[in-house]
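For reference, the structure is listed below as structure tokens.
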There are 2 protein chains.
Amino acid sequence: MILNQATDYAFRAVLYLSLLQPGEIVEAKVISESQNIPLRFLLKILRSLAKAGIVKSYQGVGGGYALGKKPADITLRDVLEAVEGPIRINKCLIDPDYCNKQATTYCPVHHVLASIQQTITQEFDKYNFEQLKEYAKQYGK
Amino acid sequence: MILNQATDYAFRAVLYLSLLQPGEIVEAKVISESQNIPLRFLLKILRSLAKAGIVKSYQGVGGGYALGKKPADITLRDVLEAVEGPIRINKCLIDPDYCNKQATTYCPVHHVLASIQQTITQEFDKYNFEQLKEYAKQYGK
DNA sequence: ATAAAACAATACCGATTAAGTATAGTTTAT
DNA sequence: ATAAACTATACTTAATCGGTATTGTTTTAT
């Protein structure tokens, strides 16, 4: 019932990239130091984000990372799922056979959990990095 | 981002107790067998639920468990928090110093996560065991 | 009073996952 | 050709999860 440390780092890294000038590229090391994220761990996380198209990576000298799309087009859910996979709040919502072992016909627990999961998913979808960027600017840093 | 197995078991055990006749007491063994929950693990879970007043335990011969309050007065959140502790979706929402280490003044990530956490908490509060009981009756089992 | 049927408390254990590190390789600007 | 960056994969350590074991307590029936 808690986000991974990696997801927390990912949120902060993507926010950092959101605040750059358009076209600006920064090395992982800069993000790592500014956000207090262990460098090698961050590199791993950035790879997941790159796979999902959330960031774009540039190899070689002068390389680094930049956002892969506009901040407004990246939601917290996008980042969360890039790092942790799909939001699933209970085993019975992953493996459809799970419930059938316990409740042969119909499982009311499953029923409401599915609904809660949907609300949670929507909730993470509600926030994008344009909004976070505004908050950040507004309050300084 | 997922509920404990123990919480899942707890939901099902409390639902089972909700469906009993008023005043009826059942041994852990009966719940265990009916719901496919390892007995000793269930006993541990029931102890947490008893501490929270959700179930009432009776020792000695002829003892067992019954609900500690009306099904309508037990929410999914009550059960979840009895088993796992308070709903906290990120480390920075547990330890207030955590954010300050990283973002010295104001942390927009923290800000929105706090709001999401509140929504999630309300969502688990929305469902009580009277409702689950109705679903269960309606669909048989 | 004592035996047995239940729960209580605590400690332990093995497996999995999370968090982070290491090693070797690839790409690219200079 | 070299060095500065990222890539890929595998490894390691620590924490958590899911479950079990042991010993003790309470209560009812005999």
Side-chain angles (χ1 to χ4, degrees), chain A residues 1-13 17 24-33 35-52 54-66 68 80 83-85 88-92 94-95 98 101-102, chain B residues 1-13 17 24-33 35-66 68 80 82-85 88-91 94-95 98 102:
Chain A
M1 202 52 224
I2 194 168
L3 301 171
N4 283 347
Q5 182 63 61
T7 302
D8 181 87
Y9 289 158
F11 286 159
R12 294 166 203 277
L17 292 175
E24 199 179 346
I25 290 172
V26 299
E27 312 92 90
K29 198 175 172 224
V30 172
I31 307 173
S32 156
E33 282 170 2
Q35 300 299 307
N36 271 293
I37 305 172
L39 174 59
R40 291 183 175 287
F41 195 31
L42 175 61
L43 285 164
K44 194 154 103 176
I45 294 164
L46 285 167
R47 235 150 23 232
S48 306
L49 295 173
K51 246 176 210 160
I54 293 167
V55 306
K56 202 163 166 353
S57 79
Y58 299 88
Q59 292 204 136
V61 176
Y65 297 88
L80 165 52
V83 175
E84 299 191 20
R88 291 293 144 80
I89 66 162
N90 201 36
K91 204 160 71 177
C92 68
I94 300 171
D95 174 10
Y98 175 77
K101 266 180 276 172
Q102 315 213 338
Chain B
M1 206 51 223
I2 194 169
L3 301 172
N4 283 346
Q5 182 63 62
T7 302
D8 180 87
Y9 289 157
F11 286 159
R12 294 167 205 275
L17 293 175
E24 196 177 349
I25 291 172
V26 299
E27 311 94 90
K29 199 174 171 225
V30 172
I31 306 173
S32 155
E33 283 170 1
Q35 299 300 306
N36 269 294
I37 306 172
L39 174 59
R40 290 181 175 286
F41 194 33
L42 174 62
L43 284 165
K44 193 154 103 177
I45 294 164
L46 285 167
R47 244 165 358 245
S48 306
L49 295 173
K51 247 177 209 158
I54 293 166
V55 306
K56 204 164 167 348
S57 78
Y58 300 87
Q59 292 203 135
V61 176
Y65 297 89
L80 165 52
V83 175
E84 299 190 21
R88 291 294 144 80
I89 66 162
N90 200 37
K91 203 159 72 177
I94 300 171
D95 174 10
Y98 174 77
Q102 314 213 338

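Sequence lines set the chain letters: A, B, ... in the order given, protein chains first and strands last, and positions in each chain run from 1.
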Among A:Val26, A:Ile54, A:Ile25, exactly one meets side-chain contact (heavy atoms from CB on, under 4.5 Å) together with A:Leu17. Which residue is that?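 Option passing the side-chain contact (heavy atoms from CB on, under 4.5 Å) with A:Leu17: A:Val26.
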Take atom [atom1] of [X] and atom [atom2] of [N], then tell me their distance rounded to the nearest Å.
| X | N | atom1 | atom2 | answer |
| --- | --- | --- | --- | --- |
| B:Glu27 | C:dA8 | CD | P | 13 Å |
| A:Ile45 | D:dA8 | CD1 | P | 16 Å |
| B:Ile25 | C:dA6 | CD1 | C1' | 11 Å |
| B:Tyr65 | C:dA5 | OH | C1' | 13 Å |
| B:Leu3 | D:dT16 | CG | P | 18 Å |
| A:Leu43 | D:dA10 | CG | C1' | 16 Å |
| B:Leu42 | D:dT20 | CG | P | 12 Å |
| B:Ile94 | D:dA15 | CD1 | P | 15 Å |

Non-neighbouring partners of A:Lys29 that pass salt bridge (charged side-chain N to carboxylate O under 4.0 Å, His left out), sequence neighbours left out: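 With neighbours one apart ignored, the set is A:Glu33.
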With sequence neighbours left out, what residues match B:Glu24 under salt bridge (charged side-chain N to carboxylate O under 4.0 Å, His left out)? none
If only side-chain N and O atoms of A:Tyr58 are considered, is one of them under 4.0 Å from the OP1 or OP2 phosphate oxygen of D:dT7?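 For D:dT7, neither OP1 nor OP2 has a side-chain N or O of A:Tyr58 closer than 4.0 Å.
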Phosphate-side-chain proximity, B:Ser57 and C:dA8, N/O vs OP1/OP2 below 4.0 Å: yes
Helix axis bend for the helix from C:dA1-D:dT30 to C:dT30-D:dA1 - C1'-based end axes, five pairs, 10° rounding: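 Inter-axis angle at the termini of the helix from C:dA1-D:dT30 to C:dT30-D:dA1: 0°.
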[X]: which residues meet the side-chain contact (heavy atoms from CB on, under 4.5 Å) condition with it, sequence neighbours left out?
| X | result |
| --- | --- |
| B:Ser48 | none |
| B:Arg47 | B:Leu43, B:Lys44 |
| B:Ala10 | B:Ile45, B:Leu49, B:Val79, B:Val83 |
| B:Lys56 | B:Tyr58 |

Toward the 5' end of DNA chain C, by each residue's nearest nucleotide, A:Asn4 or B:Ala50: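 This one resolves to B:Ala50.
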Distance in Å, B:Ile31 CD1 paired with B:Leu46 CG, rounded so as to fall on 0.5 Å steps: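 Answer for the CD1-CG pair, B:Ile31 versus B:Leu46, is 5.5 Å.
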Between the protein and nucleotides 13-15 of chain C, list the N/O to N/O atom pairs that are separated by less than 3.5 angstrom.
none

Which letters describe nucleotides 20-30 of chain C, given B = protein heavy atom under 4.0 Å from base, S = only from sugar-phosphate, - = neither? BBBB---BBB-
Taking only residues two or more places apart in sequence, or in another chain, which ones meet [X] in a side-chain hydrogen bond (donor to acceptor under 3.5 Å, both in side chains)?
| X | answer |
| --- | --- |
| A:Asn90 | B:Asp8 |
| B:Ser57 | none |
| A:Glu27 | none |

